[in-house]
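Below, each value reflects all heavy atoms present in this structure, side chains not excepted, and no hydrogens, waters or symmetry copies.
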Amino acid sequence: MKITIFGTGYVGLVTGTCLADVGHDVLCMDVDADKVARLEAGEVPIYEPGLEGMVQANVAEGRLRFTTDPVAAVGFGTLQFIAVGTPPDEDGSADLQYVLAVAETIGRHMADSKVIVDKSTVPVGTADRVHETVAGVLAERGASLDFEVCSNPEFLKEGAAIEDFTHGARIIVGTESDRVKALMHECYGPYIRLQEKLMFMDVRAAELTKYAANAMLATKISFMNEIANLAERLGADVEQVRRGIGSDPRIGYHFIYPGCGYGGSCFPKDVQALARTASDVDYTAELLGAVEAVNQRQKQTLFTKLSRAFDGDLNGKTIALWGLAFKPNTDDMRDAPSRTLMEALWAAGARVKAYDPEAMGECRRLYGEHDGLELVGDRTEAVDGADALVICTEWKSFRSVDFAWLKSKLSLPVVVDGRNLFDPEAVKAAGLLYYAVGRSDSLQG
């Protein structure tokens, strides 16, 4: 098939590359000429395991191309995927200006029948607005051309996006059109040969499913953080509680790891956007509000524990950070707990020495040459001479540590573990003060 993808951000680039990788002819459109030039040269502007090699291979084979020409993009594919950003607006709702701008572009330049595929995460009713936008532009042109709009939400985890696209549990398409169903079945055919994973439903149901899925996962995280905070006050170890409840197959172990809050490009904005959607139809989504409130509070927990370890005086202290990205296997720092912590430390007069395997460049982009920030080359350099260590991201390279070595590196024996990576007793045996999440402070050495 010939497929056009509008947007070469995270979703657009992964989608276009994976579809090209199974033989489709894909043209990705972006307004950023510099980004397009980099992509044509095989340079991927985001970190996602395996993506750069796939982009380079498919560009070399001629199946994946990039353009800044909207006329060429609209003329290329029967399927026109919209995969542009939907950032949160000031009121928390999803900003649809980029989605509707693409719809206007398609309406302006289309010369034959098109199927427009909403791949971006968009509120319920967006397909209707896209349809109205295209129809309005066609009317202005005096053109009578057939087109349809369907919803095909993405379910990609950063750090595992290729696996999710190629072996995901489901592919949801919102449409009532037999023609669209046939075209989308052809599009995803290479990925459903072993298992029929295509789920067709109403457009509005598909749009809501995406938000509902992310809100459910965010709810599990915030719930577990509530239990962790309760466990601390009751003298219980939340990791034992986690194993106990996770063994129930109705609950399972996914997304019940306590920590320092969720971040990234999806959960924060999608929970807020769904709550705003509820408000727009005169419904108060109390649970969604609580999920967001718990998460915002949880992001403060690292600073709170650190402040307690130093009796409220962090002025002049140097704090080592292991991990800056909101999760492993990505360089994304959007709404990352590390940002909340660093900004609070700077306000308290502390300095930060930080290391992350992938997010150092992103950190420099966000904070520049901040006087209170030193980005170092590895985890050893980060802790050397620091007054305390804080673990913000559970990268595999942080999971195994010689605690006697760690104590010898730190000026003061303080470890704040925001991801519960370590055995408290082992840390205690090395003489370190250990502050974890949902584990009683009596576990300190």
Among residues at least two apart in sequence or on other chains, which ones pass salt bridge (charged side-chain N to carboxylate O under 4.0 Å, His left out) with [X]?
X: Lys269; result: none
X: Asp112; result: Lys114
X: Asp331; result: none

Point to revise | Val130: which of Ile116, Val102, Val122, Ile106 passes side chain to side chain contact (heavy atoms under 4.5 Å, CB included) | key: Ile116
Review point. Which residues pass the side-chain contact (heavy atoms from CB on, under 4.5 Å) test with Glu362, sequence neighbours left out?
Key: Met333, Arg365, Leu366
Practice item. Applying side-chain contact (heavy atoms from CB on, under 4.5 Å), name anything that partners Glu286, two or more places apart in sequence or on another chain. Key: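 Listed in chain order: Thr284.
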May I ask you to check whether [X] and [Y] show a side-chain donor-acceptor distance below 3.5 Å?
X: Asp417; Y: Tyr434; value: yes
X: Tyr367; Y: Glu343; value: yes
X: Ser113; Y: Arg179; value: yes
X: Glu158; Y: Ser265; value: yes

Between [X] and [Y], is there a side-chain N and carboxylate O pair less than 4.0 Å apart?
X: Glu381; Y: Lys353; result: no
X: Arg242; Y: Glu239; result: yes
X: Asp332; Y: Lys327; result: no
X: Arg276; Y: Asp280; result: yes

Practice item. Assign the ring pair Phe267 / Phe255 to parallel, tilted or perpendicular, where the plane angle (0 to 90°) is split at 30° and 60°. Key: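 Rings of Phe267 and Phe255: tilted, as their planes differ by 30° to 60°.
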Point to revise | is_close_aromatic(Tyr98, Phe6), centroid dist under 6.0 Å | key: no
Practice item. Can you run down the salt bridge (Lys or Arg N to Asp or Glu O under 4.0 Å) pairs that involve residues 245-256, sequence neighbours left out, and say none if there aren't any? Key: Asp248-Arg250
**Study point:** Distance-minimising heavy-atom pair for Ala382 and Ala320
**Key:**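 So the two residues come closest at O-CB, 3.2 Å.
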